Asker: 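Below is a structure I'd like to ask you about.
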Amino acid sequence: MPLDRSRALVLTAVGSLFLAACSGASGTGKGNAAGKPVSGGSLTYAVDTEPVSFDIHASPQDITGAIQRNVFDSLVHQDAEGEFHPWLATKWTVSDDLKTFTFHLREGVKFTDGTPFDAQAVKVNFDRIVDPATKSQYASSLLGPYTGTTVVDDHTVTVRFSSPVASFLQAASTPYLGFYSPAAIKKYGGKLSAGGAADVGTGPFKFTGYTKGQSVTLTRNPDYDWAPATASHKGPAYLEKLTIRFLSQDATRVGALTSGQVQIADPIPPADVKTVKANQQLETLTTQAPGANYALVLNTTQKPLDDIRVRRAVQRGIDIDTAVKSVYFGVYKRAWSPISPTTPYYDKSLENTWGYDPALANRNLDEAGWTKRDADGYRTKGGKRLSIEWPLMPQEYIREQRDTLGQAIQADLKKLGIEIKRPRLDIGTYIEKVYAGKEGIADYSWARFDPDVLRLYFNSASDPRKGGQNATFYKDADLDKWTDDAQATLDKDTRRKLYGDTQKKVVDLATEIPLYVRTAVAGVSTSVHGLKTDPNTWINFYDAWIGK
Amino acid sequence: MRATALLRPVAGRLAAALAVLLGAATLAFLTLQLIPGDPVSVMLGPGTAASPEVRAEITRTYGLDRPVAVQYLHYLGHLFTGDLGESYQLQRPVAGLIGEQLWPTVQLALFALLLAVTAALVLAVATAGRNRALRGLASFAELLAVSTPSYWTGILLLTAFSFRLQIFPVAGAQDFASLVLPAVTLALSLAGVLAQVLREGLETALGQPFAVTARARGLSATAVRLRHALRHAAIPLVTLTGWLTGSLLGGAVLVETVFGRPGIGALTLQAATNKDIPLVIGLVLLSAFVFVLLSTLIDLLYLVIDPRLRTR
């Protein structure tokens with residue numbers, strides 16, 4: 001696998017950073033040397049977002065998945081290398097055309113309300129996800145061309161699709177395709193978003209309490225005995241209780257951690273990472289997010305970005321290294337590919353191939369005919385200024401100081417004579433204009449541990465006007481074919497070639513400019529041991545225990 | 001006699017209150033119609049993988065495909081039966097959501113108010129018309145308290161009393177200890193405003209002939225302040241306190257966020273961010289109701305404080 005191993009936990013000893021390249025399940029802390037795991041105790045985990053909906057089948061939120069991972073199991077487990085392991089399914093077969101997936105389910109698994117987990121439960125859940133009444137914003141897209149589930153016998157189930165879905169096993173490993181007790185679905189129906197008593201899964205923890213605006217309480221499921229083989233132990237989780245506190249203010253969350261009132265704070269803002277690292281009682285847990293990097297998405301149907309020379313000028317005229325380093329204090333790495341190093345089939349050969357080159361950028365602009373300058377120093381052609389509009393979203397949608405990074409980009413491009421206008425739009429107008437291809441530049445990231453995000457981003461069928469994500473609006477026969485073909489095969493060499501070519505071509509066409517690799521840094525008390533992160537950068541609490 | 005004197009203003013008030021609530025509901029409804037963009041897209045926010053079928057289902061469930069006038073009438077009809085509807089995002093009845101988040105905010109607001117009024121009384125009575133330097137100092141402190149954003153005050157208090165000294169818990173609403181810092185945060189700026197107004201009122205009252213008369217009758221300076229001047233200065237104080245209490249709801253948004261407390265403030269923020277229309281309108285109605293209730297109470301309090309108003 002060409003995977004960069006930094007997906008595995010990056011742990012910090014005081015003041016020094018070292019990469020722990022792990023194989024198999026990721027994650028050992030320096031704390032693991034502290035002895036035998038202790039059962040019992042409670043742990044408080046402070047996060048920055050509160051789920052809007054706890055319904056794993058409906059919600060598109062990252063935080064919903066992160067919390068519910070502890071309550072819901074999946075058919076298969078995916079490790080940090082992208083390999084699949086048995087979980088609720090002991091084995092599975094995939095038809096050659098990648099349209100039929102048969103799962104042999106583990107016996108003896110029970111939901112926490114006593115309902116047995118069986119083939120019928122799988123069918124009920126998958127059917128619920130695709131039912132429009134569920135209003136699924138994410139899980140239904142993971143099921144994609146789903147046509148139905150057949151119960152073969154109590155412990156065998158077949159899931160069928162109308163077209164090949166190479167990424168189905170990956171999708172099936174996420175909590176979004178996890179399983180509610182059919183009894184709970186029947187009883188609570190459309191009220192699963194409220195969490196609490198309705199939230200019945202087979203996971204190592206039970207959802208036992210929720211105070212809106214404050215916290216969620218999870219307690220150990222004493223009957224749990226079906227952890228994936230990659231876990232460090234079997235049987236129930238060590239922790240008796242896990243409290244998740246919602247502390248949206250960075251200063252409050254970091255202060256709660258440094259004063260020992262919570263044991264884990266996630267995320268630690270880049271500016272505070274140094275402080276946390278310097279603290280003897282704390283360590284950091286750093287994981288690069290998988291999926292599409294944060295990037296500038298250039299609309300190729302609009303002037304002047306329809307000209308590849310202008311796009312290249314923008315691509316090479318931004319000093320990404322300096323901007324990312326200064327805004328994120330060296331905590332986030334600059335990106336070289338549309339997908340992050342922790343995504344399967346990341347093409348490492350792209351690194352250092354398209355650095356800052358203002359001379360080249362200027363040459364490109366000259367060649368494109370933008371040779372004159374106006375009174376403000378901006379380039380012009382035929383009396384028109386070289387101006388591109390890149391709208392800002394309302395403040396509440398801006399994360400990770402992307403507006404500050406934008407200012408650095410604006411300044412770099414101004415030096416080349418390119419004007420970047422950044423009107424702040426209300427979200428309604430923003431969506432309307434950007435999704436319809438009426439703006440020059442859009443900016444976003446897309447977290448998913450699957451290179452299929454490349455299809456989502458660059459296949460011309462993934463049109464934002466039809467719910468897709470390709471805001472480059474570029475139609476390229478190669479990109480369409482490669483991303484479609486890669487989704488129709490499980491052959492690793494073929495996929496690596498197709499996804500590698502896709503990444504190179506996107507950089508070559510300069511339709512998208514990757515900026516940084518989103519990086520989750522959690523601060524953890526040294527008393528917490530056995531923490532792991534899963535491929536989605538979520539913290540897994542099953543093997544966690546509290547020591548000295 | 002006194003009962004009937006109070007009855008009429010109360011009845012008039014009630015009718016006015018209903019009109020205000022209806023107006024607020026209508027205004028909120030209209031404002032939300034003015035948000036640009038397709039309501040379903042706005043609700044889903046940027047970066048969603050929602051399929052056209054899901055969008056259609058959302059449109060259908062919430063009746064967003066019907067004419068605005070029909071939606072408005074439908075909505076008013078429900079309102080009259082006391083049904084605030086169901087939150088789009090949380091899929092729970094709005095009334096229930098507000099009900100469960102109301103108490104932590106009321107607790108916070110009342111405790112903050114108590115602290116603020118007490119502090120303002122002590123400060124103003126102690127410094128009004130006295131030593132110029134002392135008054136200047138108090139005045140400066142009050143101005144500082146008023147002009148510091150509550151967000152910042154909260155972080156400072158947290159840093160000192162929670163992170164460093166660890167006297168109070170950082171966040172939540174589980175016990176009294178967790179109420180202290182957020183209440184003090186809210187109270188500080190309130191106390192600042194109230195003390196300034198009260199001192200001015202006291203000083204004006206102390207300059208009136210009746211104060212001199214009282215002094216001449218042998219009353220001590222403090223007794224004059226407490227028994228006579230305070231009553232005169234109380235009217236603007238009460239008006240202002242009422243208005244400030246109503247605005248505490250808005251102030252609570254920041255404080256509840258900083259301290260990670262549940263409450264109406266946190267709920268409002270979430271509702272507004274997610275364009276959860278039924279919830280937003282429910283909260284607007286609550287806020288209008290609180291203002292109506294407070295201004296009624298204040299009017300009645302005037303009658304108690306100032307006997308001259310009762311004879312009109």
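Small disclaimer: the values here were computed from a predicted structure and weren't measured. In what follows, chains carry the letters A, B, and so on, assigned in the order in which the sequence lines appear, proteins first and then strands, with residues in each chain numbered from 1.
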Asker: Sub-4.5 Å heavy-atom contacts with chain A: which residues of residues 55-69 of chain B show up?
Answerer: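 If one takes a 4.5 Å heavy-atom cut-off, the residues of residues 55-69 of chain B near chain A are B:Glu57, B:Ile58, B:Thr61, B:Tyr62.
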
Asker: Assess the residue pair A:Glu400 and A:Arg518 against the criterion (salt bridge (Lys or Arg N to Asp or Glu O under 4.0 Å)); give the C-alpha distance rounded to whole Å, side-chain angles, the decisive distance to 0.1 Å, and a yes or no.
Answerer: CA-CA 9 Å; A:Glu400 298 155 355; A:Arg518 294 186 56 220; 2.9 Å; yes

Asker: Judged by atom type as modelled, is there a donor-acceptor pair below 3.5 Å linking the side chain of A:Arg245 to the main-chain atoms of A:Tyr45?
Answerer: no

Asker: State, with a plain yes or no, whether a side-chain heavy atom of A:Leu454 is found less than 4.5 Å away from one of A:Pro338.
Answerer: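 Yes, their side chains come closer than 4.5 Å.
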
Asker: What part of A:Thr258 gets within 4.5 angstrom of chain B, counting heavy atoms only: side chain, backbone, both, or neither?
Answerer: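 Contact with chain B is absent: no heavy atom of A:Thr258 under 4.5 Å.
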
Asker: Between B:Glu256 and chain A, which part of the residue has a heavy atom less than 4.5 Å away: side chain, backbone, both or neither?
Answerer: neither

Asker: For residues 247-265 of chain A, which residue pairs pass the salt bridge (charged side-chain N to carboxylate O under 4.0 Å, His left out) check, not counting sequence neighbours?
Answerer: A:Asp250-A:Arg253

Asker: Most heavy-atom pairs under 4.5 angstrom with chain B, which of A:Tyr430, A:Phe54, A:Tyr397, A:Tyr444?
Answerer: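 That would be A:Tyr397.
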
Asker: May I ask you to check whether A:Tyr180 and A:His57 place their ring centres under 6.0 Å from each other?
Answerer: yes

Asker: Is there a side-chain hydrogen bond (donor to acceptor under 3.5 Å, both in side chains) between A:Asn459 and A:Ser462 once you walk through the steps?
Answerer: CA-CA 6 Å; A:Asn459 194 299; A:Ser462 177; over 6 Å; no

Asker: Where does A:Pro51 contact chain B at under 4.5 Å (heavy atoms): side chain, backbone, both or neither?
Answerer: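 Interface part for A:Pro51: backbone (N, CA, C, O).
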
Asker: Any sub-3.5 Å donor-acceptor pair from A:Asp55's side-chain atoms to A:Leu192's backbone N or O?
Answerer: no

Asker: Which atoms of B:Leu267 are under 4.5 Å from chain A, going by heavy atoms: the side chain, the backbone, both sets, or neither?
Answerer: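 B:Leu267 touches chain A through side-chain heavy atoms alone.
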
Asker: Would you mind telling me which of B:Ile281, B:Thr268, B:Thr105, B:Leu102 makes a side chain to side chain contact (heavy atoms under 4.5 Å, CB included) with B:Leu286?
Answerer: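 The passing option is B:Leu102.
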
Asker: Report the option among A:Ser445, A:Ala133, A:Ala46 that has the most heavy-atom pairs separated by less than 4.5 Å from atoms of chain B.
Answerer: A:Ala133

Asker: Are the side chains of A:Val434 and A:Lys438 in contact, using a 4.5 Å heavy-atom criterion?
Answerer: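 No - every pair of side-chain heavy atoms lies 4.5 Å or more apart.
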
